[in-house]
2 protein chains.
Amino acid sequence: MNEHADGGRPNRSAKPADEGFQGRRTTTLSDVARLAGVSIATASKALNGRAQVRAETRAKVMAAAEQLSFSPNGLARSLLTGRSGTVGLVTHDLEGRFSIPTLMGAEDAFGSGKVSVLLCDARGDAIREQHHIQALLGRRVDGLIIVGARPDPRPSLGNLPVPVVYAYAPSENPQDCSLVSDNVGGGRLAVEHLVACGRSRIAIISGDSSYGAANDRVAGALDALDEAGLLLVGGQALFGAWTEEWGRGATRGLLAKHPDIDAILCGSDQIARGCLDALREAGRDVPGDVAVMGHDNWEILASNARPPLTSIDMNLEELGRRAAARLFEAIEGHPAHGVETIPCRLALRSSTAS
Amino acid sequence: MNEHADGGRPNRSAKPADEGFQGRRTTTLSDVARLAGVSIATASKALNGRAQVRAETRAKVMAAAEQLSFSPNGLARSLLTGRSGTVGLVTHDLEGRFSIPTLMGAEDAFGSGKVSVLLCDARGDAIREQHHIQALLGRRVDGLIIVGARPDPRPSLGNLPVPVVYAYAPSENPQDCSLVSDNVGGGRLAVEHLVACGRSRIAIISGDSSYGAANDRVAGALDALDEAGLLLVGGQALFGAWTEEWGRGATRGLLAKHPDIDAILCGSDQIARGCLDALREAGRDVPGDVAVMGHDNWEILASNARPPLTSIDMNLEELGRRAAARLFEAIEGHPAHGVETIPCRLALRSSTAS
DNA sequence: TTGTAGGCGTTATCAA
DNA sequence: TTGATAACGCCTACAA
């Protein structure tokens, strides 16, 4: 046992000076035990609230721990328990706006408790993803959440030594546990709202048709139109890009062909912003003449629009929270399978006031 | 030594069945050693490329490791080395857009190597921050990066057992290591660009004056105006809010009082969007009659503006990367002190074409 | 009520 | 070239 004369000073008798950060050696349980004049085992019991410790002794130990600002080494503890209290979160779209709320929800669900999140950005690259996953497994994460960049199915990671939950982009393997936004329901919700606002000549300006989400939203909208006994103006949804530019152009085209239109459902808030601009420039009043809706409820775009934009919110934070919850359950031995769908909600603003 | 009859089957002789995730016990170095028919020590050396191992033996061990898909337990390793290979990243603005690029840069700088990032969102709450920091220290992170929500100085965390770097929002203590965006330089850069475009009747619509950033940007702009021998139109910068609405209103006011204005420097891209709208509606051509600049280079706003918006980019990813680098150096024993300033760069688009 | 001892999975030292 | 063995910091039987 080292016999270093203590006293709170930086002490580097044993180790060489290439140690890096020159803080004092972090205090360990045996430091506490020594200061309290008890054995390590007793100190451990005292600090962990075990019953077989005299109150007086416990107090002594707690005081010593306090004095040394002792913080138990989680790594050592993990080694014992086999649980690191850590989950890996691999995102593919850290710069994008969809993964962030999901991440927040997950962070939220875990953060309160005793789980920490190890974040990695794989940037849509399968190689990088694999690399990160290996690193995370090496750190003995208790589970993984994989957040996709876009809501289309992605390859499964297969059998890993820890549970995996896919968020936003589902796994192709239905045995895996995935959580996604209910795009069909979102489209339906939008049309139902427009109908409830008394609109009946509705057109749809969607986004990039290569996105499953674009098609799903349209499908839901068509369902709802059908149920309301309405026909889509123009006969079919317009597909283009997720840009304001496309929104403007498509809107101008619509107005030219169908001047009697009274509502436009857009595939995203960006498209809707373009749509609003084009309408204003064509002298149409929103929502007086034409109601407009977006999708995503991207606050910065929706609230600053003129008029503020009614939109469909995907509840991504809730999605993240649920993903965290599912992962937690799986870690506890109760894995879920299949795709779970998170319902959208209406974010009501002035562009559709009825 | 345990004498359990092995065979790759889930083996839970010792531990009860409340274990949670029902994967097979993760394979350990001793499994590899046994399969390869060598001692644990030899297996370790073989896998870590130590020299004192016969090639044939090494191959045998590697094969065994491969077959068992062995992945060394990083926790055990950390316990030995005293380094967790982990840093904590505490952000205060996970939903906001400023912390994300910083986070990305840090993730980027670390992610390539062998450091992983533990992410926490403290949401501007000092209590929550303290809580997260304690948790991170318990996990024995090798260092901390604290990312602020807004660029004003924040209280120092004081003396922690690991190095700390403050990003975006500097610490109040000049002894700490902080990295911030050069807002003064950004303001200067903007005016220099406008002047280079031949503008001389320049006005400034800034944001919330309670933000140091707002004032710094204006200060830099005024410096540059002065050096160019120009006077600010209106005599002083206009402060308001970071919104499109404020941008529109302020622009209308400017046009009324100073119809001969030929450039407007905005404190943010949102303000600039409002400014552009107001100009268009007033029949002013951009950049023909009036040049407009924003700040932040928020892609989604700047590129979709009409015309696309020239803006000042804060290089936040670079800021994050640098923060990671500084932290790394500090961990290696070479801490930096004081506030390091990251220069802005010009993001040239059509709203100022000269 | 307290202390001793064993072990979690690795790595490093030193002896064989 | 290989293999015991002692750490790393902690927890938990079990013994005192």
Side-chain angles (χ1 to χ4, degrees), chain A residues 1-2 14-16 19 25-34 36-61 64-65 68 70-85 137-140 142 161, chain B residues 1-4 11-16 19 25-34 36-61 64-65 68 70-85 114 137-140 142 161:
Chain A
M1 202 142 292
N2 297 359
K15 310 222 175 178
E19 271 293 283
R25 187 176 61 82
T26 80
T27 91
T28 145
L29 185 56
S30 80
D31 295 330
V32 175
R34 197 179 322 136
V38 299
S39 76
I40 298 186
T42 304
S44 171
K45 289 173 203 158
L47 291 175
N48 291 304
R50 290 279 163 280
Q52 329 95 331
V53 178
R54 194 161 43 131
E56 188 186 342
T57 310
R58 186 188 306 276
K60 225 169 31 182
V61 173
L68 299 175
F70 168 72
S71 145
N73 186 327
L75 301 171
R77 198 176 263 175
S78 300
L79 197 52
L80 254 330
T81 63
R83 291 265 182 96
S84 66
L137 292 177
R139 295 216 145 71
R140 292 299 186 265
D142 297 330
Chain B
M1 203 143 290
N2 295 1
E3 77 292 46
H4 46 68
N11 178 333
R12 2 207 70 268
S13 52
K15 311 224 176 177
E19 271 294 282
R25 189 175 58 81
T26 79
T27 91
T28 143
L29 184 57
S30 80
D31 295 330
V32 175
R34 197 180 322 135
V38 300
S39 77
I40 297 185
T42 305
S44 172
K45 289 174 202 155
L47 291 175
N48 290 305
R50 291 279 162 282
Q52 330 94 330
V53 178
R54 194 161 44 131
E56 189 185 342
T57 311
R58 185 188 306 276
K60 228 171 24 183
V61 173
L68 299 174
F70 167 73
S71 148
N73 186 328
L75 301 172
R77 196 177 274 179
S78 300
L79 195 52
L80 230 17
T81 63
R83 292 266 182 97
S84 67
K114 7 197 49 44
L137 292 178
R139 296 215 144 72
R140 291 301 186 262
D142 297 330

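Since this is a predicted model, take the numbers as computed values, not measurements. Hydrogens, waters and symmetry mates are skipped; everything else that's a heavy atom, side chains included, is used.
The interatomic distance linking A:R83 (CZ) with D:dC11 (C1') rounds to 16 Å, in whole Å. One atom, CG of B:L75, and another, C1' of C:dC8, lie 10 Å apart when rounded to the nearest Å. Per the geometry, CD belonging to B:Q52 stands 11 Å off C1' belonging to C:dT13, to the nearest Å.
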Report all interatomic pairs (protein N or O, nucleotide N or O of nucleotides 10-12 of chain C) with separations under 3.5 Å.
residue : atom : partner : partner atom : Å
C:dT10  : OP1  : B:N73   : N            : 3.1
C:dT10  : OP2  : B:T28   : OG1          : 3.1
C:dT10  : OP2  : B:L29   : N            : 2.5
C:dT11  : OP1  : B:N48   : ND2          : 3.4
C:dT11  : OP1  : B:R77   : NE           : 2.9
C:dT11  : OP1  : B:R77   : NH2          : 2.8
C:dT11  : OP2  : B:S44   : OG           : 2.9
C:dT11  : OP2  : B:N48   : ND2          : 3.2
C:dA12  : OP2  : B:R50   : NH2          : 3.4

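Scanning all heavy atoms of the two residues, the minimum distance from A:A36 to A:K60 falls at O-CE, 3.4 Å. Between B:S71 and A:R140, the shortest heavy-atom distance links the atoms O-NH2, 2.6 Å.
B:S44 places none of its side-chain heavy atoms less than 4.5 Å from the side chain of B:R50. Using a 4.5 Å heavy-atom threshold, the side chains of A:L47 and A:L29 count as touching.
At the heavy-atom level, B:T57 lies under 4.0 Å from the strands shown only through sugar-phosphate atoms.
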Problem set entry | Stepwise side-chain contact (heavy atoms from CB on, under 4.5 Å) check, A:T26 with B:L137 | CA-CA 10 Å; A:T26 80; B:L137 292 178; over 6 Å; no

For this session: Could you please spell out the steps behind the side-chain contact (heavy atoms from CB on, under 4.5 Å) verdict for A:T28 and A:N73?
Result: CA-CA 8 Å; A:T28 145; A:N73 186 327; over 6 Å; no

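Phosphate proximity of C:dT2 to A:T42: absent, as no side-chain N or O sits under 4.0 Å from OP1 or OP2.
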